[in-house]
Amino acid sequence: MDELKNWAFSLCCAAAAGSLLSLLAPESSLGKVCRFVIRVFFLCCAVLPLRQLGSFLHVLPELQTAAAFSAQEVVDVVTGQVENSAAASIEQEVARCLEEEGINFKKVNADVHVDRDGGISINCIRVLLPPDAGEGTPDSSDIIGLIKAKTGVNVELAAENGGGTP
């Protein structure tokens, strides 16, 4: 950016000096030659940075690669946030449903994946039950059926410490 400022400043100085010298040049043929030299000098000052443009064009693919890498990082972060948000929402809904039915549970975990096109797929919902769920707790097929009816997603039940599912 500093190079661009320096070039613009030099170009302005060359224009000011050239116009002053053009005014001082005589009206004879020598003045015409002098004005021609001033114009060529100004043109050279304006075109000189284009000579260095070739080295800039070699750097440009590196800048594009860095920008693409940064864009992919942003996409990955956003995808992770969408997955976490969707999983948290599903987990809260399943937990609320289980609490309404009076079913004790330790943890609800949703396996969520976001595709490249932005589609969200819910692979499975895992429910961890306490070792002894207590009397009056529905059996595992009833719990699975309840959650599957509410969400339409496959359900896996597990009991803490290897205890049997009700």
Side-chain angles (χ1 to χ4, degrees), residues 1-15 42-166:
M1 191 64 173
D2 288 334
E3 292 177 5
L4 184 63
K5 287 180 185 177
N6 290 338
W7 172 74
F9 178 74
S10 299
L11 196 62
C12 289
C13 289
F42 183 75
L43 183 63
C44 288
C45 288
V47 174
L48 183 65
L50 295 179
R51 178 178 54 103
Q52 298 168 347
L53 186 62
S55 63
F56 174 73
L57 292 177
H58 292 296
V59 175
L60 193 58
E62 294 174 14
L63 295 174
Q64 289 174 340
T65 303
F69 184 69
S70 296
Q72 186 59 42
E73 286 178 338
V74 170
V75 167
D76 291 343
V77 168
V78 169
T79 300
Q81 289 175 346
V82 168
E83 285 177 356
N84 292 340
S85 177
S89 177
I90 292 166
E91 290 166 2
Q92 287 175 355
E93 183 63 25
V94 169
R96 186 186 61 75
C97 178
L98 291 173
E99 288 171 354
E100 285 177 357
E101 294 294 323
I103 301 171
N104 292 330
F105 65 95
K106 291 292 238 177
K107 185 178 178 183
V108 176
N109 186 12
D111 183 17
V112 177
H113 179 69
V114 176
D115 298 333
R116 288 186 181 202
D117 61 351
I120 298 174
S121 61
I122 306 165
N123 300 328
C124 181
I125 298 174
R126 293 180 187 88
V127 179
L128 180 64
L129 300 173
D132 73 14
E135 292 192 27
T137 302
D139 65 357
S140 60
S141 62
D142 292 339
I143 296 172
I144 291 172
L146 175 71
I147 296 172
K148 195 164 188 170
K150 192 73 167 176
T151 62
V153 178
N154 290 332
V155 179
E156 292 179 6
L157 289 181
E160 188 176 48
N161 297 330
T165 58

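Just the heavy atoms: all of them, side chains too, but no hydrogens, waters or symmetry mates, feed the values below.
- When all heavy atoms are compared, the tightest approach of F42 to L11 is CE1-O, 3.6 Å.
- For K150, there are no side chain to side chain donor-acceptor pair (under 3.5 Å) partners at least two apart in sequence or on another chain.
- At a threshold of 4.5 Å between non-hydrogen side-chain atoms, the residues V153 and I147 do not count as touching.
- Judged as a side chain to side chain contact (heavy atoms under 4.5 Å, CB included), and not counting sequence neighbours, the contacts of E101 are I103, L146.
- In this structure, NZ on K106 lies 11.0 Å from CG on L129, to the nearest 0.5 angstrom.
- Within the 4.5 Å cutoff, the side chain of V112 has no heavy atoms near those of the V82 side chain.
- By the side chain to side chain contact (heavy atoms under 4.5 Å, CB included) test, D142 pairs with P138, D139, sequence neighbours left out.
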In residues 85-95, what donor-acceptor pairs under 3.5 Å come from side-chain atoms, sequence neighbours left out?
residue, atom, partner, partner atom, Å
E91, OE2, A110, N, 3.0
E93, OE1, R96, NH2, 3.4
E93, OE2, R96, NH2, 2.4

Can you give the donor-acceptor pairs under 3.5 Å from side chains of residues 118-126 to other protein atoms, not counting sequence neighbours?
residue, atom, partner, partner atom, Å
S121, OG, H113, O, 3.3
N123, ND2, D111, OD2, 3.4
R126, NE, E156, OE1, 3.2

